[in-house]
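Shown next, in structure tokens, is the structure this report addresses.
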Amino acid sequence: MQQLFDCLDERVERIANSGRKGVLAALRDAQMIKTAYAYGTFSGAPPTCVPAFL
């Protein structure tokens, strides 16, 4: 899981450093995936979020 989180963070940084649009969307997507994982972990259910955009 840590590799997925690192990949999401790197994606946000890569888009931010490129100067292109989409930084906020990438940041939002990363946060949503992390939140969905945390909710699944704390509720006792496995995370069901699959990041199809990676």
Side-chain angles (χ1 to χ4, degrees):
M1 271 335 286
Q2 187 61 44
Q3 289 178 341
L4 173 63
F5 295 156
D6 291 343
C7 178
L8 292 168
D9 292 336
E10 289 173 13
R11 181 174 181 261
V12 172
E13 288 179 24
R14 187 174 61 244
I15 293 172
N17 292 334
S18 72
R20 297 175 57 196
K21 292 182 180 180
V23 177
L24 291 178
L27 188 59
R28 177 201 62 214
D29 294 344
Q31 265 323 112
M32 288 178 60
I33 290 171
K34 291 176 183 180
T35 302
Y37 175 76
Y39 178 76
T41 300
F42 292 125
S43 69
T48 58
C49 184
V50 177
F53 58 88
L54 293 178

Applied to residues 2-29, the ring pair (Phe, Tyr, Trp, His ring centres under 6.0 Å) test, sequence neighbours excluded, yields Phe5-Tyr37

On a heavy-atom basis, the closest approach of Ala26 and Ile15 is CB-CD1, 3.7 Å

Could you list the residues that satisfy side chain to side chain contact (heavy atoms under 4.5 Å, CB included) with Arg14, not counting sequence neighbours? Arg11

I need the Asp6 CG to Glu13 CD distance, nearest 0.5 Å. 10.0 Å

Only counting residues at least two apart or in another chain, list the ones meeting side chain to side chain contact (heavy atoms under 4.5 Å, CB included) with Gln3. none

Say you draw a straight line from CD of Glu10 to CG of Asn17; how long is it, rounded to the nearest 0.5 Å? 11.5 Å

Distance (rounded to the nearest 0.5 Å) between Gln2 CD and Asp9 CG: 8.5 Å

Tell me the closest heavy-atom pair linking Ala30 and Val12, and the distance in Å. CB-CG2, 4.3 Å

Before you tell me yes or no, could you show the steps for Met32 and Leu8 under side chain to side chain contact (heavy atoms under 4.5 Å, CB included), namely the whole-Å CA-CA distance, both residues' side-chain angles and the distance that decides it to 0.1 Å? CA-CA 11 Å; Met32 288 178 60; Leu8 292 168; over 6 Å; no

